[in-house]
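Just below is one structure, and these are the notes that go with it.
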Amino acid sequence: MKAQFAVPAGARHSRILGVGSYRPRRIVDNAEVCRHIDSSDEWIRARTGIVTRRWAGPDETLGVMAEHAASKAVAAAGITPGDISLVIAATFTHLKQTPAIATEIGHRLGATGAPGFDISAGCAGFVHALALASDSVRARGGHVLVVGVERMSDILDLTDRSTAFIFGDGAGAVVVGPSDTPGIGPVVWGADGSQADAITQSVPWDALRDDPSQPFPALRQEGQRVFRWAVYEMSKVAVQALDAAGLTAADLDAFVPHQANERIIDAMTRSMGLPERVAVAKDIVTAGNTSGASVPLAMDALLASGRAVPGDTALLLGYGSGLSYAALAATLP
Ligand SMILES: CC(C)(COP(=O)(O)OP(=O)(O)OC[C@H]1O[C@@H](n2cnc3c(N)ncnc32)[C@H](O)[C@@H]1OP(=O)(O)O)[C@@H](O)C(=O)NCCC(=O)NCCS
């Protein structure tokens with residue numbers, strides 16, 4: 001008879017146990033951004049809702065920002081770094097092809113020996129990572145640290161009128177651990193790879209190697225195309241994620257979508273038919289679009305504002321380059 005494998009005993013359910021964030025010191029207003037592009041504070045506020053964003057200084061590296069956010073999440077979860085069994089980092093602004101930033105984050109935090117890996121799914125990365133963390137806890141137990149961390153300012157072309165004013169830097173982290181009751185719903189995720197060119201790096205690294213006279217690679221996007229896709233397709237994904245969890249909009253206390261544009265958030269809120277009482281995250285106003293960091297940053301800010309409280313039922317939705325998306329219902333920590 002063949003030997004049987006031993007398999008780990010996972011947790012019956014998973015939930016977010018703690019959240020933490022780090023916002024860079026320097027606040028950048030629209031007037032500063034408009035020094036390089038033909039635009040105005042009025043246009044940026046009206047078209048995106050953004051009033052300020054934060055750009056990281058040289059000492060506020062991905063590792064440093066992630067460590068700050070992660071330590072707060074670990075403390076809020078009531079565990080110690082040594083209890084972390086896996087680190088997943090969602091980022092696409094780690095400018096070193098290898099090693100992953102996740103192992104540096106684990107080391108900085110004192111999560112000695114914990115495995116770590118990065119995932120790249122653009123602005124949808126954090127919710128992808130959260131879904132994997134939830135599955136990992138249910139398959140293997142333990143506590144998974146999920147960090148969304150970006151230095152978007154490193155890949156911005158300050159003279160590009162369609163991106164320069166949108167993006168900001170920061171880090172947000174959560175700890176996912178075992179739970180007696182369901183705390184993270186099934187993920188609804190997917191991608192439309194036929195639209196991979198809608199948000200992309202201006203030149204690949206090998207093209208820069210072959211012709212170093214080119215400008216450093218920057219983020220490029222077709223803003224209006226992404227805007228339309230987000231408004232029409234992502235509201236449907238939000239409703240599918242509620243369905244998958246056996247919920248309706250009426251069951252929600254909070255909505256934490258990716259912070260890409262206030263008008264996208266408002267359009268989704270309307271088309272989902274969210275009741276007025278649902279707290280909708282609008283971190284975009286003072287953070288801009290922080291890509292992989294936007295959902296945990298917005299969640300933390302919503303809780304800090306008191307508009308949402310621990311135990312509330314929230315819908316989390318990330319979307320961006322790929323074009324990729326991921327949405328799930330979760331109980332707020
Ligand atoms: C980028 C974005 C803010 C542009 O807003 P928009 O309403 O789509 O603007 P449009 O591109 O249709 O341009 C409308 C007008 O504003 C002008 N305009 C474009 N950028 C401008 C700027 N930075 N400042 C001032 N005017 C600008 C255009 O020239 C155009 O003028 P016209 O009507 O005279 O031709 C919006 O498309 C967006 O937020 N997209 C989603 C982007 C995103 O966050 N992606 C990241 C990953 S999710």
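Just so it is clear, the values below take in all heavy atoms, side chains as well, and ignore hydrogens, waters and symmetry mates. First listed ligand is number 1; within each ligand, the first listed atom is number 1.
Short contacts between ligand 1 and D38, defined as distances under 4.0 Å to a heavy atom of the residue, involve ligand atoms 24 (N), 25 (C). Each of the atoms 47 (C) of ligand 1 lies under 4.0 Å from some heavy atom of C123. Within the listing of ligand 1, atoms 22 (C), 23 (N), 24 (N), 25 (C) sit less than 4.0 angstrom from a heavy atom of S39. Near A260, the atoms of ligand 1 lying under 4.0 angstrom from a non-hydrogen atom of the residue are 44 (O), 48 (S). For ligand 1 and R47, the ligand atoms under 4.0 Å from any heavy atom of the residue are 6 (P), 7 (O), 9 (O), 14 (C). Contact atoms of ligand 1 toward H258: 48 (S) (distance under 4.0 Å to a heavy atom of the residue). Atoms of ligand 1 found under 4.0 Å from any heavy atom of T48, numbered from 1 in the order shown, are 3 (C).
One N or O on the side chain of N261 and one on the backbone of R47 form a donor-acceptor pair closer than 3.5 Å. For the pair S294 (side chain) and T290 (backbone), a donor-acceptor distance under 3.5 Å is absent. The closest donor-acceptor contact from the side chain of E150 to the backbone of N289 lies at 3.5 Å or more, if one exists at all. T163 contributes no side-chain N or O that, together with a main-chain N or O of R220, makes up a donor-acceptor pair within less than 3.5 Å.
Using cut-offs of 30° and 60° on the angle between ring planes, the pair Y325 and W229 is tilted.
Between the side chains of D154 and T93, no donor N or O sits under 3.5 Å from an acceptor N or O. Using modelled atom types, one finds a donor on one side chain and an acceptor on the other under 3.5 Å when comparing D83 with T80.
Considering backbone and side-chain N/O of N261, one or more are found under 3.5 Å from N/O of ligand 1. Inclusion of Q221 in the set of residues having an N or O under 3.5 Å from an N or O of ligand 1 is warranted. Checked against a 3.5 angstrom limit, the closest N/O atoms of Y319 and ligand 1 fall outside it. Considering both main-chain and side-chain atoms, W43 comes within under 3.5 Å of ligand 1 through a nitrogen or oxygen pair. Residue contacts with ligand 1: G223 is placed with a nitrogen or oxygen under 3.5 Å of a nitrogen or oxygen of the ligand (distance criterion only). Considering backbone and side-chain N/O of Q224, one or more are found under 3.5 Å from N/O of ligand 1.
Under the 4.0 Å distance rule, the nearest protein heavy atom to atom 33 (O) of ligand 1 falls outside the cut-off. Protein non-hydrogen atoms do reach within 4.0 Å of atom 23 (N) of ligand 1. For atom 26 (N) of ligand 1, the nearest protein heavy atom is under 4.0 Å away. Protein heavy atoms come within 4.0 Å of atom 37 (O) of ligand 1. Checking atom 13 (O) of ligand 1 against the protein gives no heavy-atom contact under 4.0 Å.
Summary of contacts: the protein heavy atom closest to atom 5 (O) of ligand 1 is R263 NH2, 3.8 Å. Nearest protein neighbour of atom 1 (C) of ligand 1, counting heavy atoms only, is I166 CD1, 3.8 Å. Shortest contact from atom 47 (C) of ligand 1 to any protein heavy atom: I199 CD1, 3.5 Å. Annotation: atom 28 (C) of ligand 1 to nearest protein heavy atom, R161 NH1, 4.4 Å.
Neither the backbone nor the side chain of I44 comes within 4.0 Å of ligand 1, counting heavy atoms alone.
Tracing side-chain contacts under 4.5 Å through hydrophobic residues (I, L, V, M, F, W, Y), one never reaches L316 starting from M272; they form parts of separate clusters. L242 and F255 fall within the same hydrophobic cluster, where Ile, Leu, Val, Met, Phe, Trp and Tyr residues are linked whenever their side-chain heavy atoms come under 4.5 Å apart, directly or through other members.
At a threshold of 4.0 Å, the pair K96-E104 does not count as salt-bridged, since none of the basic side-chain nitrogens sits closer than that to a carboxylate oxygen. Taking 4.0 Å as the cut-off between side-chain N and carboxylate O, D300 and R23 do not count as a salt-bridged pair.
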Working for salt bridge (Lys or Arg N to Asp or Glu O under 4.0 Å), residues D243 and K236 | CA-CA 11 Å; D243 276 354; K236 293 185 227 162; over 6 Å; no

Test side-chain hydrogen bond (donor to acceptor under 3.5 Å, both in side chains) on H13 and T181 and set out the steps.
-> CA-CA 6 Å; H13 301 293; T181 52; over 6 Å; no

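For the pairing with S153, the side-chain contact (heavy atoms from CB on, under 4.5 Å) check across L158, D169, V28 returns one residue only, D169.
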